[in-house]
Amino acid sequence: MGLRSVGEALVQLLSGGSELPRLEAQAAAQQVPEVEFPMQVAVGGHEVTIGLIDRSDRDGILAFARALPEHDLLFLRRDITQPENVDEWISDVEAGRYASLIARAGDRVVGYATVASDGMTWTRHVAELRLLLAPDYRGEGLGRLLIAQSFRMARDRGIRKIIAQMTTDQKAAIRSFERLGFEREAILHNQVIDRAGALHDLQIMGLDLERFRMKLLIARNALEASAAPTSP
């Protein structure tokens, strides 16, 4: 972590009071246990299976994407309503460029999360975490679970900074990322356009793992210093 980042962390702590309770909660949320896939979870009264994506998921992904509301198609980096784009995505997973989890309720795909690297040398330490759920599986905790497990996969792959992008009206997604320590880095006005031609603001969130660790360390040390007895 550079001197500038250390200085920024100190300024935030000193100007805003102790952030330790929030940082400790975020650090605890980052301690995601390693699980064996596929795993079974109960979500909103339904049994959901979460596993690593493979070729057998192709048709389920197509059906999932084609059933999404129009607004949700805004967030597709690839148009996965088209078979060739799903094939390309799965090829990226097989080549190790992406790591993707898929959630199924029975035979139906109800969501996915992806850790995606752009393959460029100068951003090889950065990955983007992408999430999309079927509308009837939102607000039930599935998104938070997929984000947490994807975060663990990114960290295990040696990623040092994770970013996420969403429109500013996606309040539940923003809260889920904030829970892990993501912070807003930018809002780009009128950055994305939907299929109807309407413009939307894009929020970019990021989590620099080393910077977060340093902020937590500084907050803990500040608390210890304030609690230490002073000389008469």
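No experiment lies behind these values; they were computed from the predicted model shown. Count residues from 1 along the sequence. Because only heavy atoms are used, hydrogens play no part in the values below, and waters and symmetry mates are left out as well, while side chains stay in.
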Donor-acceptor pair between H200 and N190 side chains, under 3.5 angstrom: no
When you look at L209 and F151, which way does the side chain to side chain contact (heavy atoms under 4.5 Å, CB included) test go after all the steps? CA-CA 11 Å; L209 295 175; F151 170 85; 3.8 Å; yes
Do D201 and T168 meet the criterion of a side-chain donor-acceptor pair at a distance under 3.5 Å? no
Give a yes or no answer on whether the side chain of R220 reaches the backbone of L20 with a donor-acceptor pair at less than 3.5 Å. no
M39 to V35 - nearest heavy-atom pair and separation: SD-CG2, 3.6 Å
Hey, are R108 and D136 close enough for a salt bridge, meaning a charged N less than 4.0 Å from a carboxylate O? yes
So, R104 and E47, do they make that salt bridge, N to O below 4.0 Å? no
Under 4.5 Å between any side-chain heavy atoms of R55 and S91, yes or no? yes
Does a side-chain N-to-carboxylate-O contact under 4.0 Å join E210 and R160? no
Can a salt bridge be assigned to the pair R184 and E178 using a cut-off of 4.0 Å between side-chain N and carboxylate O? no
Main chain of G60, side chain of D57: is a donor-acceptor contact present, judged purely on distance under 3.5 Å? no
Can you see which heavy atom on V115 is nearest to which on S150, and at what distance? CG2-O, 3.4 Å
CA sep, side-chain torsions, deciding dist, call: Q165, Q203, side chain to side chain contact (heavy atoms under 4.5 Å, CB included): CA-CA 6 Å; Q165 303 184 56; Q203 177 160 321; over 6 Å; no
Does one hydrophobic cluster hold both I159 and I163, with members joined at side-chain heavy-atom distances below 4.5 Å? no
Which label fits F177 and F182: parallel for a plane angle under 30°, tilted from 30 to 60°, or perpendicular past 60°? perpendicular
What closest approach, in Å, do W89 and S100 show between heavy atoms, and which atom pair accounts for it? NE1-OG, 3.0 Å
State, to 0.1 Å, how close L133 and D72 come at their nearest heavy-atom pair, and which atoms those are. O-OD2, 4.3 Å
A103 and I50 have their tightest heavy-atom pair at CB-CG1, 4.2 Å
Among Q26, Q30, K161, the one residue meeting side chain to side chain contact (heavy atoms under 4.5 Å, CB included) with L207: Q30
Quick one: are I162 and M205 in side-chain contact, heavy atoms under 4.5 Å? no
Between R22 and E24, is there a side-chain N and carboxylate O pair less than 4.0 Å apart? no
Would E183 and R211 pass as an ion pair if we require N to O under 4.0 Å? yes
Do you know the tightest heavy-atom contact between R157 and G96? NH2-O, 2.7 Å
Does Y112 reach the side chain of I61, with side-chain heavy atoms less than 4.5 Å apart? no
